[in-house]
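Just below is one structure, and these are the notes that go with it.
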Amino acid sequence: MNEDVLAKGYEPHEVERKWYQHWEANGSFAAREEDDAPAYSIVIPPPNVTGVLHMGHALNITMQDILCRYRRLRGDNVLWMPGTDHAGIATQNVVERKLAEEGTDRHALGREKFIEAVWSWRKEYGSAIINQLKRLGASCDWPRERFTMDSGLSQAVRKVFVQLYEEGLIYRGDYIINWCHRCHTALADLEVEHEEVDGHLYHIRYPYVGAEGDIVVATTRPETMLGDTAVAINPDDERYAGLTAAQVTLPLMGRTIPIIRDSYVDLEFGTGALKVTPAHDPNDFEIGRRHELPSIKVIGDDGNMTEEAGHFAGMDRFACREAVVAALREEGLLVKIEPLKHSVGHCYRCKTVVEPNLSTQWFVKVKPLAQKAIQAVEDGRTTIIPATWTQTYYDWMDNIRDWCISRQIWWGHQIPAWTCEACGETIVAMEDPTTCPHCGDNRLTRETDVLDTWFSSALWPFSTMGWPEQTKLLKTFYPTSTLVTGFDILFFWVARMMMMGLHFMGDVPFRDVYVHALVRDEHGKKMSKSKGNVIDPLNVIDVYGTDAFRFTLTAFAAQGRDIKMSEKRVEGYRNFINKLWNAARFALMHLTKPVDLARREQLSVPDRWILSRLRRLIEDTGRALDDYRFNDAAATLYQFVWHEFCDWYLEAIKPALYGNQGDDRQQATLGTLYRVLHDTLILLHPIIPFVTEEIWEKLPGTRGDIMRAAFPADAAGATDIIEDPAAETAMQLIMDVITGIRNIRGEMNIAPAMKLNVTVQTDDADIRRQLNDHQDLVANLARLEQMVVAPVGAKPRAAATSVIEGATLFVSLEGIIDFAQEAARLTKEIGKIDNELATLNKKLGNEDFLNKAPAAVVEKVKRQQAAFSEKRETLETHLARIEALAS
RNA sequence: GGGCGGGUAGCUCAGUUGGGAGAGCAUCGGCCUUACAAGCCGAGGGUCACAGGUUCAAGCCCUGUUCCGCCCACCA
């Protein structure tokens with residue numbers, strides 16, 4: 001006996017710090033560039049350098065870490081590629097805020113100095129998120145950490161840009177884009193969040209030119225009327241069938257603009273007349289193109305009205321709206337204002353209302369790239385899990401529009417394009433040009449825009465492995481095995497990686513895409529700072545430990561369902577970690593040295609039973625992790641450790657452990673205990689790495705770290721542990737007897753300390769033999785004075801009764817039995833059986849069931865019916881006796 | 001407007017080829033029984049949203065209804 005191997009309760013923090021440091025120092029997370037073992041690789045979804053760890057990261061990282069640790073146990077050569085994203089707009093905003101606090105701004109600094117300031121910000125704060133990932137236990141290959149702005153990745157970005165440009169897949173053009181006045185940049189369609197708001201629909205009178213009367217148009221943004229260049233009506237609109245006027249006068253501006261006919265106009269909406277502002281509405285822009293209308297930009301990039309806005313020039317766009325409405329009212333041209341719910345676009349970074357705006361931007365022509373990305377999923381080269389996301393992926397890819405990739409900010413990859421001031425030639429090249437290849441002039445100006453952050457993220461699976469160099473790493477690990485990500489960036493990131501990977505590597509970037517849920521608060525609401533419902537993962541870790549937190553996330557990570565997180569749940573799994581710890585503590589008191597698994601003949605029934613259960617656990621856990629059913633793996637392990645290993649096995653072996661020291665039986669039990677704990681720790685390790693490593697170290701005879709141990713069965717499932725149905729049946733009988741007695745004890749309010757006398761009657765000689773063989777075990781767990789096993793015969797006089805499968809239990813309660821209570825208990829029990837019998841009898845009374853159901857099913861129902869009938873009969877008999885005795 | 005997911009015990013959720021409704025937490029009763037009170041033993045609790053259909057048999061498959069959540073969309 002060794003009492004002091006483990007402390008009485010598990011204290012996570014020091015253990016976590018110690019082991020993480022140890023693993024990192026030993027290079028335990030390192031991938032081998034070339035190896036005979038199967039390669040398994042994951043690229044991390046790079047968190048923003050500005051990021052702080054939130055629940056989404058915690059879930060995402062935990063799932064990846066489980067997969068990586070599991071594959072290592074399976075013997076794979078694992079690469080988990082870490083890194084961070086430069087997050088153009090987000091990072092620029094952060095640094096700009098810092099500058100504002102210092103009383104300056106980026107314009108005062110100038111572009112070069114500003115970028116220096118961002119780099120130094122990154123140097124100082126950029127590793128915060130990485131350190132937080134480490135606290136989660138993330139087993140990334142840290143020395144390979146990359147950054148989307150580092151020189152290698154920048155080289156990859158440049159090569160991709162140049163090649164796509166040369167292939168005609170990148171072009172520059174004048175289009176309506178989404179403009180954020182706060183961030184002062186264009187946004188891609190995806191970066192605009194639409195939100196329903198209460199607005200107004202303004203009806204405005206536009207007088208006809210050369211005819212009496214006017215036409216009424218409706219708009220939600222009256223200030224844009226200043227830039228109107230036409231009024232459109234549907235050619236099929238009968239209301240305007242007799243219209244003779246061809247032009248109207250634009251109010252406030254006095255401009256004459258044409259009335260055009262375009263089938264885009266909805267007959268149902270408003271007045272059926274649409275004001276057309278090509279510079280400030282994407283639909284109007286298209287109409288303008290069809291009818292060759294001029295575009296007049298009245299809202300500037302700074303959010304103020306331009307010179308084109310007449311005497312409204314210089315006003316803020318929202319102030320201008322008020323002013324325009326007032327002016328129209330004064331002129332009697334405002335017909336009415338109706339309330340209207342409509343959706344308004346907001347910047348996904350700063351929530352400012354975005355303005356559709358005409359400008360010159362760079363675009364990627366995505367249709368041809370998307371086609372290949374669709375094909376790759378259709379033919380199974382990439383599998384999306386759960387499959388429900390596949391259709392969403394197709395829908396998005398089918399309806400994809402060109403991707404606006406230029407941003408008018410400074411932090412990011414500057415677009416490698418130059419314009420020749422002499423001849424206007426555009427030059428896009430790998431090397432910075434000095435002269436124009438067209439005219440030879442040396443006055444070249446570089447494009448000031450930078451690329452959308454997601455442009456570099458799209459290259460992540462191969463740029464991080466050294467592309468465009470043909471590296472060993474790429475050869476070994478591309479395509480990656482699995483991408484683990486939230487669905488919120490399925491389009492931003494996953495779809496674009498698919499397109500770029502297929503185009504530049506000629507193969508998919510990943511075999512599997514595992515799309516996990518969103519973590520919400522305990523009421524199912526999205527966590528947000530403004531709602532104040534954010535749970536900080538680091539705080540949870542501080543209170544309950546990383547393993548408890550990871551187990552919680554895993555247990556709730558059912559596919560296709562959001563996770564509602566509350567600290568209360570973490571507490572439950574913290575208790576589980578502690579339970580495991582104490583089970584190990586108990587085991588280690590008896591395991592002072594490693595003990596081999598004994599031959600099967602030497603094993604007791606509980607030994608054979610727990611090994612049989614372990615065998616199934618090994619299979620189930622492996623299968624669950626192979627299929628990304630993380631919650632199933634967690635639930636299976638939880639059930640086994642707590643309710644089979646602790647509740648039954650450890651209790652069952654106490655007589656053997658405290659009995660004759662050193663005999664064969666005890667050695668066989670110690671060997672089993674050792675093996676079960678040993679293997680279970682390995683199975684648990686991917687989910688709860690720290691506590692398992694700590695226990696593993698204390699387990700005698702273990703060499704090296706558990707994170708480098710071998711999974712208890714090989715890839716084919718082979719192991720020396722076998723299923724043992726006979727042992728499971730025997731153990732079930734023993735457990736049934738014990739549970740039956742405990743049930744009577746509980747229901748009859750008999751003190752646990754009181755030792756009972758029990759008679760078990762059965763005509764089944766095997767059952768009698770089994771029970772006699774386990775007298776000590778039953779007596780110990782059911783707290784018996786004596787158990788008499790006999791054929792069916794005379795019944796004990798004052799006894800409570802329970803019927804189990806194959807036998808009847810009599811708990812002698814001479815002198816203490818409350819007959820009325822026992823009668824009530826039996827009556828209740830009979831009632832339950834009657835319910836069961838009712839459904840069974842109904843089935844057996846149904847001709848169709850007997851004829852059409854499979855024979856095995858019918859047999860099963862018949863067996864059940866017979867068993868319940870017999871049980872009922874026995875209980876009826878005893879109820880009659882008890883009632884007789886009571887009176 | 002289009003699409004997706006969900007409605008199972010008081011709460012949060014499992015339920016994988018259709019065949020006796022489960023877990024954790026919470027509740028109630030009893031226990032410091034030589035690993036663990038962060039524990040042990042026992043108990044109660046559900047018309048599986050509603051209505052039809054297929055089937056011998058439906059939480060599971062089909063149709064419709066309803067409520068909740070999410071995503072997409074160029075609804076002035």
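Chain letters run A, B, ... following the sequence lines, proteins first and then strands; every chain starts at 1.
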Check whether NZ of the Lys or CZ of the Arg A:K579 lies under 6.0 Å from the centre of the six-membered ring of A:Y573 and within 45 degrees of that ring's axis.
no
Are A:E355 and A:R221 close enough for a salt bridge, meaning some N to O gap below 4.0 Å?
yes
Which of these nucleotides, B:A76, B:A35, B:G24, is closest to any side-chain atom of A:Y638?
B:G24
If only side-chain N and O atoms count, and only distance matters, is there a donor-acceptor pair under 3.5 Å linking A:N178 with A:E191?
no
Nearest whole angstrom, please: distance from the C1' of B:C41 to the NE2 of A:H643.
13 Å
Nearest to side-chain heavy atoms of A:D266, which nucleotide of B:C41, B:A76, B:G44
B:A76
On RNA chain B, compare the nucleotides closest to A:Q639 and A:K843; which residue's is nearer the 5' end?
A:K843
Heavy atoms under 4.0 Å, any strand shown: does A:K8 hit a base, just sugar-phosphate, or nothing?
sugar-phosphate
If you only use heavy atoms from C-beta on, which nucleotide in B:A43, B:G19, B:A38 is closest to the side chain of A:E11?
B:A38
Side chain of A:K832 only, please: which of B:G44, B:G19, B:A14 is the nearest?
B:G44
Within the structure shown, what part of the strands sits under 4.0 Å from A:A273 by heavy-atom distance: base, sugar-phosphate, or nothing?
base
What nucleotide among B:G30, B:G19, B:C71 has an atom nearest to a side-chain atom of A:A853?
B:G19
Picking from B:C41, B:G39, B:C56, the nucleotide nearest the side-chain atoms of A:W642 would be B:G39
Do A:Q864 and B:G20 have a side chain to base donor-acceptor pair shorter than 3.5 Å?
yes
Does the distance from a Lys or Arg side-chain N to an Asp or Glu carboxylate O, for A:E785 and A:K755, drop under 4.0 Å?
no
Once the angle between the rings of A:F645 and A:F640 is folded into 0 to 90°, is it parallel (under 30°), tilted (30 to 60°) or perpendicular (over 60°)?
parallel
Could you work out which one of B:C36, B:G42, B:A76 sits closest to the side chain of A:R585?
B:C36
Can you check the A:I384 CD1 to B:C71 C1' distance for me, whole Å?
15 Å
Considering only B:A35, B:G20, B:C31, which nucleotide approaches the side chain of A:E836 most closely?
B:G20
Could one point to a donor on the side chain of A:K568 or the base of B:C25 with an acceptor on the other under 3.5 Å away?
no
Using a cut-off of 4.0 Å on non-hydrogen atoms, how would the nucleic acid contact of A:G272 be classed: base, sugar-phosphate, or nothing?
base
Heavy atoms under 4.0 Å, any strand shown: does A:P854 hit a base, just sugar-phosphate, or nothing?
base
Result for 5'-nearest mapping on RNA chain B, choosing between A:F645 and A:L840, is A:L840
Let's see if you can work this out: which of B:U16, B:U33, B:G44 has an atom nearest to the side-chain heavy atoms of A:R629?
B:U16
From the set B:G19, B:A76, B:A35, return the single nucleotide nearest to any side-chain atom of A:L274.
B:A76
For A:N846, which contact category applies under a 4.0 Å heavy-atom criterion: base, sugar-phosphate, or nothing?
sugar-phosphate
Could you check whether A:D488 gets within reach of a base, just the sugar-phosphate, or nothing at all, counting any heavy atom under 4.0 Å?
nothing
Is the centre of the A:H590 ring less than 6.0 Å from the centre of the A:Y658 ring?
yes
